[in-house]
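Quick note: numbers below take in every heavy atom, side chains included, and nothing from hydrogens, waters or symmetry partners. Each chain gets a letter, A, B and so on, in the order its sequence line appears, and its residues count up from 1.
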Protein chains: 4
Amino acid sequence: METQAFMQSEEVRRFNRELAELDLGPLWSAIPELACKEPTTGAIPYLWKWETLRTKLMEAREIFTPDRGGERRAIYLQNPGLKDRQPWGWGCATPTLYAAVQLILPGETAPSHRHTQSALRFITQGQGAYSIVDGERLFMEEGDFLTTPLGLWHGHAHPGDEPMIWMDCLDIPFIYALGGTFFEPHPDHIEPPSRPDDHSPRRYAGGLVRPVSDRKAQTAPLGAFKWEQTRSSLDSLSQFEPDPHDGVAVEFLNPSSGATANPNIAAWMQKLPAGFRSKAHRHTHSTIYHVFRGSGCSIINGTRFDWSEGDYFVVPGWAWHEHNNEGSEDALLFSTSDLPIMERFGVEREESYPKNGGHQEITGHFEPKTL
Amino acid sequence: METQAFMQSEEVRRFNRELAELDLGPLWSAIPELACKEPTTGAIPYLWKWETLRTKLMEAREIFTPDRGGERRAIYLQNPGLKDRQPWGWGCATPTLYAAVQLILPGETAPSHRHTQSALRFITQGQGAYSIVDGERLFMEEGDFLTTPLGLWHGHAHPGDEPMIWMDCLDIPFIYALGGTFFEPHPDHIEPPSRPDDHSPRRYAGGLVRPVSDRKAQTAPLGAFKWEQTRSSLDSLSQFEPDPHDGVAVEFLNPSSGATANPNIAAWMQKLPAGFRSKAHRHTHSTIYHVFRGSGCSIINGTRFDWSEGDYFVVPGWAWHEHNNEGSEDALLFSTSDLPIMERFGVEREESYPKNGGHQEITGHFEPKTL
Amino acid sequence: METQAFMQSEEVRRFNRELAELDLGPLWSAIPELACKEPTTGAIPYLWKWETLRTKLMEAREIFTPDRGGERRAIYLQNPGLKDRQPWGWGCATPTLYAAVQLILPGETAPSHRHTQSALRFITQGQGAYSIVDGERLFMEEGDFLTTPLGLWHGHAHPGDEPMIWMDCLDIPFIYALGGTFFEPHPDHIEPPSRPDDHSPRRYAGGLVRPVSDRKAQTAPLGAFKWEQTRSSLDSLSQFEPDPHDGVAVEFLNPSSGATANPNIAAWMQKLPAGFRSKAHRHTHSTIYHVFRGSGCSIINGTRFDWSEGDYFVVPGWAWHEHNNEGSEDALLFSTSDLPIMERFGVEREESYPKNGGHQEITGHFEPKTL
Amino acid sequence: METQAFMQSEEVRRFNRELAELDLGPLWSAIPELACKEPTTGAIPYLWKWETLRTKLMEAREIFTPDRGGERRAIYLQNPGLKDRQPWGWGCATPTLYAAVQLILPGETAPSHRHTQSALRFITQGQGAYSIVDGERLFMEEGDFLTTPLGLWHGHAHPGDEPMIWMDCLDIPFIYALGGTFFEPHPDHIEPPSRPDDHSPRRYAGGLVRPVSDRKAQTAPLGAFKWEQTRSSLDSLSQFEPDPHDGVAVEFLNPSSGATANPNIAAWMQKLPAGFRSKAHRHTHSTIYHVFRGSGCSIINGTRFDWSEGDYFVVPGWAWHEHNNEGSEDALLFSTSDLPIMERFGVEREESYPKNGGHQEITGHFEPKTL
Ligand SMILES: [Fe+2]
Ligand SMILES: [Fe+2]
Ligand SMILES: [Fe+2]
Ligand SMILES: [Fe+2]
Ligand SMILES: [Fe+2]
Ligand SMILES: [Fe+2]
Ligand SMILES: [Fe+2]
Ligand SMILES: [Fe+2]
């Protein structure tokens, strides 16, 4: 404690101020925060209700039309703990990931562009629109997962007849933090097709086999993962014991490399069977969950978050968390995380909650903002 | 030509003989053969009729029973051009690969062992037997593909009630050439199960997703690829233009790495639609084909090889080849090759046949040996 | 422009405010800044004079002693453009890297610890102290380069008799941005030696050969690169045409992998021969330069920065820059950058300055802060 | 034993003969040899005296001149146990490697070509000749090591004034076994220089640093390793305990990848200090030794092989071996092996000799052939 008193003495404060005026910094004072014993990023556990998101999206429908600019009609989730990052809170749902809900209406077009951020989409509502990625039109249906790693041209258009909504996830904050952001509009408003429609999902329609012409590694040989297949994978895997922390869970793969479909962002689909109660753990990576089906609750650092269909919530890195499906129907959670980034830098760690049979004591109840 | 005359002069021959007596060799004489302009290995194009194989396998049924030793009731394909490699022609169907047909009868057991050769199996007839690989019983059905890379314990047993036949393929000659052969019998006669039956094919039953507990790379996370899935992949891929050389073709994948399911041996399933006529090409790797369904012919270096269901044939490396399905039903060819080995050493090359619209002139007709 | 007017209309501003109150964000407004056409991070070109650094370090000498805590007597370079990142400006010299000058006095000990940040050191003054890394004492001399990738125990002690100063560089801001910071003090105050002194630099004393017992890949098989060897490499490379942008430049290697010695931070030593004038270029990665010997100037985005021995300066990502040695002696620049991070994420790009023979027009002159 | 009797019964023999006539093989009989418990390749331990090699090389000097053809004046070591491989015993010193001594006289030229075999050279005598590899003339001196991985143009010429002799080592038998041999003469007789002389060894003259322009991985960024540096590495490494099996040993590196300088062939230089007696071990890979300096003996599978300067000897895979320097001067052994191939296929294993303090009982004495 003598050290602490000294560090807060006027002598030290004055010296630190002198340094600051010279654009210098005192490691001795900064080290407890910059080299913290465990990760701290300011991100907080948080939850957004679907009802709120839907309402604002429907209002945006009237205001933001493609001919008025803005590229996309998307509302992103802003983690309150990371609001102060300039500009725009870096679009942080977590320290590295941006997540949004996007609405496209029949007849609209979201122009093609490409950038150094990687993107993925999960279709939550509607059908009939397509993403065109690298010349391939991928027609989207509920539950489909689409991956668009960095550098690929992509745009959206909607020849169908009902509004479509999906979740976007990109590594915008991470690439922004690196200073690696490059963005380029397509010379055409929307890229014209150069491959057959749904070429890649139809070519990879079976199990773990690959068209032989795809031997050369590609960043996204398979652009869209159809819900029908994901669902059947979960069904089959449900014959076995669920994972104590994650239930019945699969991740989307790049068949060129065996890595996650998107090199920087893991995407998982988990089923929590009716009545399933997971055990708590924590890990370095942060996760954004979307409740695709069902309802239940998660305990995050002791606080209870209730969720139901359509909601989004965030589990920050190194926060204890467990999920309960207290209902009588299976719950399905789609999630994205920065696990591949953590692994690539050797900082991923995991711990199981050591006490009380793996279950946290509930010390609070989260109240989401509503309209 | 003066050089050639000199090289065959008595002076040179005498000097070369002196070297040979000293266990030395003359590069100047050996170079045209050892550093040939294009690959030459002695392997010849060849075909074995199913009728012949079946007959001998049925005879072997009476003679070789598990209690009489020999580990496996398997008859291998001996490439006549590689017969002189000692011992046992190295078991060469091609310079690097061994291929055999194996018969197991109800009630029999083929003991568990492990070795530094990698193995794969393709089930051609029957059902009810299982391979037990690393504690997992994989029950086999027609069309299934099983991979057993080096180092994994494996054995077979047959609790069912009809004879089962499959194709084995291993890199026996390659590992023998390296001097890398290690072999070890299992302490138990047959390894006891330690995982649920068909655990891996059931966990990977859907599309290109992976149970999240399998993030750590494994040599064979998926042990068996069910025919039902392979078939549906071919169906779906059939919606697109077939490959000019290989028709509608898929390869089996390791979902950990995106590499071939077996690290040293590629395994493909190809459909040649009724009436399909491929264009000729040649490549460094050698291929062993099994006619799973249908009939047709292949032209290999100008010689016509007719094939029908159950036959096996070999296309040596760098031999021109094209396949024709002249019938009215789709043909299905299962094949194995040493493509991964060639790629790993940077010696894989490919050329399309440059003349006559990609079709060779037929200069001969192969007569298979029959009983 | 109509779009721009609309985006700044009261209707949009109001809607955006409503979103902010709900912890949501408007992509349509944020996209120009978050998905900028070219990297922007706020970091600015900057220069710190050695005289200023030296003076503050000498003052710190009286105030911060090992027994008063603070782990290290180090003053870090705070990029003024990144001051607002909380806490402590993330210790940012660049968006991803921290850099500091550290002073250790005879008889002092800086305690052993380990962390998920990677560190490197470049010795600028004095001799006699050692770093102990993973049980190996590395005695330091001027010009030596030391690498301490994440996870290795390290501490410093000074049995010699004159003050020692070095430059530290770590990826503190990058790992902080990820939420991947873990830190652990060593159970002993200072780790006891478990290998011979200077074991690795003595084992790798020659050229590009490796002790055969080091075949297994290691994160830091060679802990210290002696100045004598670096110098002789530069001398030998000086026989050839210098690189137009970087002069005579070498990077420090990990002999296990051929990658940069430190996996996340590139470290280079460059010689700008007397009179050498480089051509301008820009690239995604950011660089921190230390003037080890000589003097000259750099033009960064049109502003002239004069430097002399001991100074530090920063070239942010995507800033045009060129270096001139206008003196009569060779200049030596040691530098660190986040190039390996950029490459790992596929965002590294480079452009040569296209106009005026590669030379920028000088539009300003940087005035460094002095005491 | 009942099994064995049955396997040698007339019934089995007859059946096996029938199979052979159908170009088929009996796994039950072949398995003990093809899937042997431990590696067996037929290669035997062997030694060639320098006096013998030198004499034949000098005789060849009169007979084989460049204008009479044959590409190179090289005499290769033929392992007697692998003589029967057709053609030309595959040029086998070991199952995978070819080794030869080559002589070039002042004024001669060995034409440029390229091929899919990888080559390396170790200079044993003379100076003044150069290899020209990919446009770079590498002037050779005693003790230099040169690497020429597959695909690079290479030729030799001798503008100097004394005969030069070196050791060649290539993976001729291995690539031949694969069926991967491609060979191409250069359009010019000898490739003209396109880079400065000795460009790469001069650019990499220092320690473990790399010119920054060499960041992109290359198969052979450094073409020649100068003896002066290898020697100084051995001297420095000699300050530490020698390896019990290999003495003071270093391997040559590719600075792009940290792998062996030649991707398929390891090259080592070992010093056995005066009086040094190693402990026996065995491993999957096979080794070819050249006695660069000194004399001593090796015990291989119980047989004693005496060697002195200039001799060559082979330790086959999985043979027990130990080396003794019984003299009063340090011995230097240059060696090449197929260790990288074994590692790439996961078949490398190593065992220390478990008995008698690590020393074999000597049961025989090898008598080399002499003239
Ligand atoms: Fe986008
Ligand atoms: Fe979790
Ligand atoms: Fe086996
Ligand atoms: Fe082919
Ligand atoms: Fe540290
Ligand atoms: Fe630069
Ligand atoms: Fe050659
Ligand atoms: Fe050895």
Side-chain angles (χ1 to χ4, degrees), chain A residues 3 6-7 11 15 19 22-28 30-31 33-39 41 52 56 63-64 68-72 74-78 80 84 86-89 91 95-96 100 115-116 150 172 175-183 284 286 317 341-342 344-347 369, chain C residues 3 6-7 11 15 19 22-28 30-31 33-39 41 52 56 63-64 68-72 74-78 80 84 86-89 91 95-96 100 115-116 150 172 175-183 284 286 317 341-342 344-347 369:
Chain A
T3 293
F6 167 69
M7 285 299 173
E11 183 183 14
F15 192 78
L19 288 183
L22 295 163
D23 300 307
L24 296 170
L27 181 63
W28 44 82
I31 203 169
E33 285 179 276
L34 290 186
C36 38
K37 296 237 185 311
E38 289 179 350
T41 61
T52 308
K56 297 314 282 183
I63 304 174
F64 301 94
R68 278 176 149 181
E71 297 270 332
R72 305 290 192 255
I75 294 175
Y76 62 84
L77 311 176
Q78 173 63 56
D84 294 336
Q86 288 309 318
W88 293 107
T96 60
H115 38 64
T116 47
L150 78 172
I172 288 175
I175 299 297
Y176 192 85
L178 291 185
T181 308
F182 291 91
F183 177 95
T284 311
S286 305
I341 297 175
M342 299 301 171
R344 222 168 312 162
F345 286 96
V347 299
K369 285 194 180 157
Chain C
T3 293
F6 167 69
M7 285 299 173
E11 182 182 16
F15 192 78
L19 289 183
L22 295 162
D23 299 309
L24 295 171
L27 180 62
W28 46 82
I31 203 168
E33 285 179 277
L34 290 185
C36 39
K37 297 236 186 312
E38 290 178 351
T41 61
T52 309
K56 299 314 283 184
I63 306 175
F64 302 95
R68 280 177 148 177
E71 296 269 334
R72 305 289 190 258
I75 294 176
Y76 62 83
L77 310 177
Q78 174 63 55
D84 294 336
Q86 287 308 316
W88 291 108
T96 61
H115 38 65
T116 46
L150 80 171
I172 287 176
I175 298 298
Y176 192 85
L178 291 185
T181 308
F182 291 90
F183 177 96
T284 312
S286 303
I341 297 175
M342 298 302 168
R344 222 169 311 164
F345 286 97
V347 299
K369 283 192 182 160

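When each of T52(A), T41(A), I172(A), T181(A) is scored by its heavy-atom pairs under 4.5 Å with chain C, the top score falls to T181(A). Counting heavy-atom pairs closer than 4.5 Å to chain C, the top-ranked of the candidates T116(A), T284(A), T96(A), L34(A) is L34(A). With respect to chain A, the highest number of heavy-atom pairs below 4.5 Å among A30(C), G179(C), P80(C), P95(C) belongs to A30(C). Taking D84(A), I175(A), L150(A) one by one and counting their heavy-atom pairs under 4.5 Å with chain C, the maximum is reached by L150(A). Heavy-atom pairs under 4.5 Å with chain C were tallied for G180(A), A35(A), G89(A); the largest tally goes to A35(A). The choice from A74(A), A177(A), G317(A), G346(A) that makes the most heavy-atom pairs within less than 4.5 Å of chain C is A74(A).
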Would L19(C) and K56(A) count as a side chain to side chain contact (heavy atoms under 4.5 Å, CB included) here? Give the steps. CA-CA 8 Å; L19(C) 289 183; K56(A) 297 314 282 183; 3.9 Å; yes
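For the atom pair L22(C) CG and I75(A) CD1, the distance stands at 9.0 Å (nearest 0.5 Å). Atoms CG and CZ, on L27(C) and R72(A) in that order, are 8.5 Å from each other to the nearest 0.5 Å. Here the CG-NZ distance, from D23(C) to K369(A), works out to 3.5 Å after rounding to the nearest 0.5 Å.
Shown here for R344(C) and F345(A), the closest heavy-atom pair between the two residues is NH1-CE2, 3.4 Å. Y76(C) and P26(A) make their closest contact through CE2-N, 3.7 Å (heavy atoms, listed as atom of the first residue, atom of the second, distance). Of all heavy-atom pairs between F182(C) and E38(A), the closest is CD2-CA, 4.3 Å.
Counting heavy atoms from C-beta outward, I63(A) and E11(C) have side chains that approach closer than 4.5 Å.
The part of F15(C) that comes within reach of chain A is its side chain, from C-beta onward, which places non-hydrogen atoms under 4.5 angstrom from that chain.
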